[in-house]
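Okay, so here's the structure we're looking at.
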Amino acid sequence: MMTHGNISEISVHIVGGGLAGSEAAWQVARAGIPVTLHEMRPVKMTPAHQTGNLAELVCSNSLKSLDESSAPGLLKTEMAAMDSLIIRAAIKARVPAGQALAVDRIVFADAVKSGLLETGLVTITPGEVTSLPTPEEASARGEFWIVASGPLTSHPLADALQKLTGSTRSLYFYDAIAPVLAAESIDMSHAFRADRYGDGDSGDYLNVPLSKYEYESFIDSVIAAEKMPLHDFEEPKYFESCLPVEVMIERGRDTLRFGPMKPVGLTDPRTGHRPWAAIQLRQENQDGTMFSMVGFQTKMKWPEQKRVFSMIPALRNVEILRYGSIHRNTYLKSPEFLGPDLSFKAAPRIFLAGQISGVEGYTESAAMGLLAGRACVAKSRGQEFTMPPRETMIGALGRYVTEGCLGPYQPMNANFGLLPPPPAVTHDPSRKKPKKLSKADRKTLIADRARQTFAAYQSSTTPSS
Ligand SMILES: Cc1cc2nc3c(=O)[nH]c(=O)nc-3n(C[C@H](O)[C@H](O)[C@H](O)COP(=O)(O)OP(=O)(O)OC[C@H]3O[C@@H](n4cnc5c(N)ncnc54)[C@H](O)[C@@H]3O)c2cc1C
């Protein structure tokens, strides 16, 4: 067993106070270990963040579904059981959004910060980290580091990571941001409340219906609008679940109508019919003064966004509070460089967490912060870290990051495809032939097995505090 000295001599430094870094800081502090959380904002901003707040949500205010039979819901349940600060803060900051866990981003960030400060063990240090200690330096100083600097990691730190891994090429793709609108500027005589795809009857979403003519004109305008240029030496690679609307339109004029503008389950009260297409707006803050355009990531230039969206009757006088935009997103080929506890093979006192490790999404990034925080605690105590089993959602994601996949390594969302497949048939003694399971039955089996495996893992691991 490794020993790393007295706990009072140990300190943990975390680079990045985003979703992953804040969660990691919480997990370390709740184990009684002092943490210095280095966050470069507001001293140095990223191209997408707007504030100096911890755990700022850069785009959508939704942490996706809470439904326990879905992969994102399962991940949240597991994280909540592991005492996740991010999930706790999100529940506190919740705004109405049907089954989705959407939050007021200011209340959320405040809850994360106060949760960390209340531990009395977290020091937030503003400023950019530009280098990482060598293994000898970290060991001599009794330090452990967790790098959670996110997809918009500053260049000097990206260079330091490149040096650490010996890799000559970092990986990247593009992510786009959807606009946020002022609620009072939406013309409600051309919009109506209804739940997404007709789920439930709480009317949490605002829907902006479009006729066939309006939809076709809108598509033409988006195609004609001026877009933000990407550096011409970079091939544009997008993340499939965060495609800009313009890229979706390139795949066909009806792609939006079958995607984010899908009108299924909606009835326009003015006509009594299903609209041809509908833009859905999700409440952004607890006061209900801001709404975001669901799935409307865009790389149109800002004046063009105003011009194109104003063509839609309900948005004729729209005030855009935050414009859509597009950003480079960097991540490392983690399975090549990390050991099974998320620490670098070349620098075992330095851990990697969050989106930069090759996951995609707020909750997924926080989940990797949770695991890296716990792994760091274990190593600092000379204990072995046990990754949750691959049958659990958090364990499957952790193993994706450390073990990789067959194809090219790409940022990964929580999804049931990461978990081992259940049997294709069941053997019911009352039937002669085995019964072939439906897709829904298989999902239920995966979720049930995940719950049982997770419960067994939780009871077998000693709490870290
Ligand atoms: C443009 C864009 C839009 C996105 N939209 C969504 C979305 O709608 N929904 C979703 O689920 N996911 C989205 N993502 C993906 C991802 O989930 C988020 O980026 C998420 O915030 C990642 O969490 P993280 O903690 O890894 O990184 P971040 O939350 O970005 O936190 C990293 C922190 O590190 C800081 N930092 C960087 N370099 C340094 C340094 N050298 N020294 C000190 N601090 C540093 C940054 O300021 C930042 O606060 C988006 C990503 C991008 C880039």
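Counting begins at 1 with the first residue of the sequence.
Side chain to side chain, Asn207 and Gln280 meet the donor-acceptor criterion of an N or O pair below 3.5 Å. With hydrogens and angles left out, the side-chain atoms of Asn285 and Thr289 include a donor and acceptor closer than 3.5 Å.
For the salt bridge (Lys or Arg N to Asp or Glu O under 4.0 Å) test, residues two or more places apart in sequence or in another chain that qualify with Lys64 are Glu364. Looking at residues two or more places apart in sequence or on another chain, you find a side chain to side chain contact (heavy atoms under 4.5 Å, CB included) between Asp67 and Ser65, Ser69, Ser70, Gln99. Remark: Glu214 pairs with no residue by the salt bridge (Lys or Arg N to Asp or Glu O under 4.0 Å) rule, at least two apart or across chains. In this structure, the side chain to side chain contact (heavy atoms under 4.5 Å, CB included) partners of Ser343, at least two apart in sequence or on a different chain, are Asp341, Phe351, Lys379.
The two residues Ala90 and Val103 have their closest heavy-atom pair at O-CG1, 3.5 Å. Considering all non-hydrogen atoms of both residues, Val359 and Gly354 come closest at CG2-O, 3.6 Å. Residue Leu352 comes nearest to Ser357 through the heavy atom pair CD2-CA, 3.7 Å, listed as atom of the first residue, atom of the second, then distance. Closest approach of Ser62 and Tyr362 over heavy atoms only: O-CD1, 3.5 Å. Pairing each heavy atom of Gly295 with each of Pro260, the nearest pair is O-CG, 3.7 Å. When every heavy atom of Gly395 is checked against every heavy atom of Thr392, the shortest pair comes out as N-OG1, 3.0 Å.
Evaluation of the salt bridge (Lys or Arg N to Asp or Glu O under 4.0 Å) test over residues 110-121, restricted to residues two or more places apart or in two chains, returns none. Residue pairs meeting the salt bridge (Lys or Arg N to Asp or Glu O under 4.0 Å) criterion with at least one partner in residues 82-99, sequence neighbours excluded, are Arg30-Asp83, Asp83-Arg88.
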- Message: As a quick check of understanding, evaluate salt bridge (charged side-chain N to carboxylate O under 4.0 Å, His left out) for Arg41 and Glu56, giving each step before the final call.
- Response: CA-CA 10 Å; Arg41 293 175 293 114; Glu56 178 181 334; 3.2 Å; yes

- Message: Go through it in stages, so that I can follow the logic: the residues are Thr77 and Arg451, the test is side-chain hydrogen bond (donor to acceptor under 3.5 Å, both in side chains), and I'd like the CA-CA distance, side-chain angles, deciding distance and then a yes or no.
- Response: CA-CA 9 Å; Thr77 308; Arg451 273 187 285 276; over 6 Å; no

- Task: Take Gln305 and Thr298 through the test side-chain hydrogen bond (donor to acceptor under 3.5 Å, both in side chains) and record every step on the way to the result.
- Result: CA-CA 8 Å; Gln305 291 181 35; Thr298 177; 4.7 Å; no

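Looking only at distances, no side-chain donor or acceptor of Glu39 sits under 3.5 Å from a matching main-chain atom of Ile124.
For the pair Arg349 and Phe144, the cation-pi test (distance below 6.0 Å, angle within 45°) is passed.
Between Glu128 and Lys44 there is a salt bridge, with a side-chain nitrogen of the basic residue lying less than 4.0 Å from a carboxylate oxygen of the acidic one.
Taking a 6.0 Å sphere around CD of Gln286, one finds it holds more than 12 heavy atoms contributed by other residues, nucleotides or ligands. Within 6.0 Å of NZ on Lys227 lie more than 12 heavy atoms contributed by other residues, nucleotides or ligands.
Ring-centre distance between Phe291 and Tyr205: not below the 6.0 Å cut-off.
Using cut-offs of 30° and 60° on the angle between ring planes, the pair Trp145 and His38 is parallel.
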